[in-house]
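Report on the following structure.
Letters A, B, ... are given to chains in the order of the sequence lines, protein chains preceding strands, and every chain is numbered from 1. Note: hydrogens, waters and symmetry copies are ignored here, and every other heavy atom, side chains too, is used.
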Amino acid sequence: METIFTISDVNLHYDQNQVLHSIHLTIYKNKITAFIGPSGCGKSTLLRCFNRMNDLIDNCCINGNIEFATKNLNAMNPIELRTKVGMVFQTPNPFPMSIFENVAYGPKCQGVRNKAELNKIVIDSLKKASLYEEVKERLHESALGLSGGQQQRLCIARCIAMSPEVILMDEPTSALDPIATLKIEELITTLKKDFSIIIVTHNMQQAARISDYTAFFLMGEIVEYGKTTDIFKNPQNKKTEDYITGRFG
Amino acid sequence: MRKAKDLFLNTITYISSGFGCLILIILLLFIFKNGIRLLDWSLITSDYHQETYQVNITNTKNYHLGDYRNPQMEGVIYSNVWGIGLQDDVDQNNEKIVTIKYLAPLSPFATIAKLEVGYQISKMTMTNETGDYLLALAKSGAEPMIAMLAEATMITDMIATSGGGGIRGSLLTTLYLIVLTLAIALPLGISAAIYLHEFAKQNQFTRIIRMMIDITTGIPSIIFGLVGAIVFIPMMNQTIQSNGGSIASGALTLTIVLLPIIIKTTEESLKVIPDSYRMASLALGASRSQTTFQVILPNAVCGILTATLLSIGRIIGESAALIYAVGTAIKDSVAMNEKSTSLAVHIWSLMSGENPNYELSCAISIIILLIVGIISLGVKVISRNINKMEVK
């Protein structure tokens, strides 16, 4: 199985406060990997390492080695890296522009100017995010008029428009109702064949339903990592078992 | 007990806001009551300085007196011998004047003396058929003047004045100042705010800059005026051959006055833009400047408009900073490298002479209030439209 990210011995500090302790992890290509764990355990922080969004935080210090398809992450240009590793945030955050402009924003920033080409990218991306049928009549209306679930799928479409290799999702359904959540989950499983997906979630059922691999985080350390079926059916660690059976967290 | 306390506190707020409203209303009433009489289109379009004409109509071969048509205008006293219609009036200093309201096309006043409708006649000396001199003065009114004209055959000496008391020059200067100052100050201020908020690391350096900006907003503007006099006037004397103050040096002085206001207001509007927009844009592989100019700046337009409005208000209202930099001499012909007055300094000039002219000052105040009112309405309409676009 091909690996997309190899993380070895990563330590991360915010000022004096150590958030990640010696993380070792391998993420596989075209799989859905879920990060679970209680709040403040460092899973979102690790997620932001993959597209170097932590660089934007002034007092953040990362030690260790992360490889993205055998290339050292720190040697890459962060802007180029972010076109290959997209990200979907916790709350839907479409730009206050039209739906079309939202999806076309990324390609435009990369210098795609051709109208026909942009049009094709936008429509393809919206179709892949299974949003096209709902919005095809109003592509040029403001994206802020969409419902929360539609906005989140728009954010996913915006991400797909860059044709990345990896999509990072930081609790993408925590601000949505169950029906919108279900749609996003269906979407994520269909996206698996084109993209590698890493998803942070608080919802253990969600991790069990959609992911292929699961990593359980606690206090900035990975307690257990393996196939989702193994983790949920047959956890090796007592703490993992306690967490997934709801005894704490 | 609590009820009484609440009532007491609420009453204080009612009284205070009522008091504020009352003062505003009294102020507006005072200005309008005093100034409204002078407020008409000619105030805005005419020159401040009067043009005086001394003419005579003595060569009897060149004109004929007789039966000119009476135009039947209300309140106008008409002489069908000379073809002229006059009306009693009072000027801005409340002195009686006689204004020409009608001139027949072939009237000697039009063809020989080249007078026009709207000119004021202050004195007229005439002779009748027997050679007697007749003298008509403006202060005795239009009626005796017309009566004497009926007998007169020649006008031996006549003094007429045109226009005067208008604010065209000062209005133009103000508009020039607004355009020029905004053209310099807005790009500078907005760029500085973007640098401070979007690009600069928050460290000792930016803290010091911010502190300086805060202090600058509190400096009395006469000090900026001094800076203008010491720095910008010599600078402009060198570059655009001005002599002493000029509109250009005034605009530069105002730029310094405005920069802190623009920077602060723009930065406030950048602060309220959610960080999630920046994160989303950066996560899509956009660079910092793409993020700033394509996502952040379009969302800060409302704040920038507010900054512009505040700036325009400040430019129109500023007098102390301009007294040295632009000058206090009221001018009718306005040029970039010459002295003139803005509307506010015009008021200052009118009021600082020996006979303060309250009425004209109040009329100018009304115009200033109107300009500010129209601009703020315009900004409201524009920003509402922008907001509609965002929520739609």
Side-chain angles (χ1 to χ4, degrees), chain A residues 47-48 50-59 77-99 101-111 138 140-146 151 154-155 157-164 167-170 175, chain B residues 190 194-210 266-306 382-392:
Chain A
L47 192 75
R48 282 201 304 272
F50 293 127
N51 64 348
R52 287 182 60 182
M53 290 296 270
N54 284 327
D55 290 15
L56 306 172
I57 300 165
D58 278 343
N59 52 9
N77 178 351
I79 289 176
E80 191 194 337
L81 170 71
R82 286 174 200 148
T83 64
K84 291 185 180 139
V85 182
M87 190 166 201
V88 176
F89 295 83
Q90 190 168 0
T91 38
N93 56 354
F95 301 125
M97 313 171 181
S98 72
I99 295 169
E101 289 295 325
N102 259 286
V103 184
Y105 178 81
K108 269 188 181 170
C109 282
Q110 296 307 311
R138 47 171 172 155
H140 294 283
E141 284 175 30
S142 172
L144 301 185
L146 297 174
Q151 286 190 4
L154 179 66
C155 292
R158 186 170 68 180
C159 193
I160 294 171
M162 301 300 297
S163 37
I167 300 178
L168 310 174
M169 296 188 174
D170 192 356
Chain B
I190 294 170
I194 289 173
Y195 170 74
L196 279 179
H197 194 259
E198 300 292 324
F199 293 111
K201 285 222 166 73
Q202 306 306 323
N203 53 23
Q204 199 65 29
F205 175 65
T206 49
R207 261 196 296 283
I208 289 173
I209 290 187
R210 282 210 179 78
T266 310
E267 208 185 342
E268 289 305 319
S269 72
L270 292 175
K271 265 183 205 161
V272 299
I273 294 172
D275 245 355
S276 67
Y277 290 173
R278 295 183 183 90
M279 290 299 159
S281 172
L282 291 171
L284 283 169
S287 66
R288 274 255 177 210
S289 44
Q290 280 171 329
T291 304
T292 304
F293 287 98
Q294 292 177 35
V295 178
I296 304 302
L297 214 48
N299 282 291
V301 167
C302 279
I304 292 170
L305 275 178
T306 312
I382 295 171
S383 51
R384 189 176 303 153
N385 280 340
I386 292 170
N387 282 337
K388 248 186 223 157
M389 295 266 287
E390 280 170 12
V391 188
K392 196 173 73 182

Shortest non-hydrogen contact between [X] and [Y], atoms and distance:
X	Y	value
A:Q110	B:G285	NE2-O, 3.0 Å
A:P94	B:Y277	O-CE2, 3.6 Å
A:Y105	B:S281	OH-OG, 2.7 Å

Give, as side chain, backbone, both or neither, the part of [X] having an atom under 4.5 angstrom from any heavy atom of chain B.
X	result
A:V85	backbone
A:P107	neither
A:R52	neither

Within the structure provided, determine whether B:L284 and A:K108 are in side-chain contact (heavy-atom separation under 4.5 Å).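 The answer is no; the side chains never approach within 4.5 Å.
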B:N299 vs A:P96 side-chain heavy atoms within contact, under 4.5 Å: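 Heavy-atom side-chain distance check passes, below 4.5 Å.
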Looking at chain B, which one of A:M87, A:M53, A:M162, A:K84 has the largest number of heavy-atom pairs inside 4.5 Å, strictly under?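 When all of A:M87, A:M53, A:M162, A:K84 are compared, A:M53 has the most.
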Using a cut-off of 6.0 Å, state whether more than 12 heavy atoms not belonging to B:F205 lie near its atom CZ.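 Check fails, neighbour count at 12 or below.
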How far does [atom1] of [X] sit from [atom2] of [Y], to the nearest 0.5 angstrom?
X	Y	atom1	atom2	answer
B:Q202	A:D58	CD	CG	8.0 Å
B:T291	A:F95	OG1	CZ	7.5 Å
B:R288	A:I79	CZ	CD1	10.0 Å

With A:N59 via side chain to side chain donor-acceptor pair (under 3.5 Å) - residues at least two apart: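 In terms of side chain to side chain donor-acceptor pair (under 3.5 Å), with neighbours along the sequence ignored, A:N59 is linked to A:D15.
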Looking only at heavy atoms and a cut-off of under 4.5 Å, which of B:K201, B:Q294, B:M279 has the most pairs with chain A?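 Of B:K201, B:Q294, B:M279, B:M279 has the most heavy-atom pairs under 4.5 Å with chain A.
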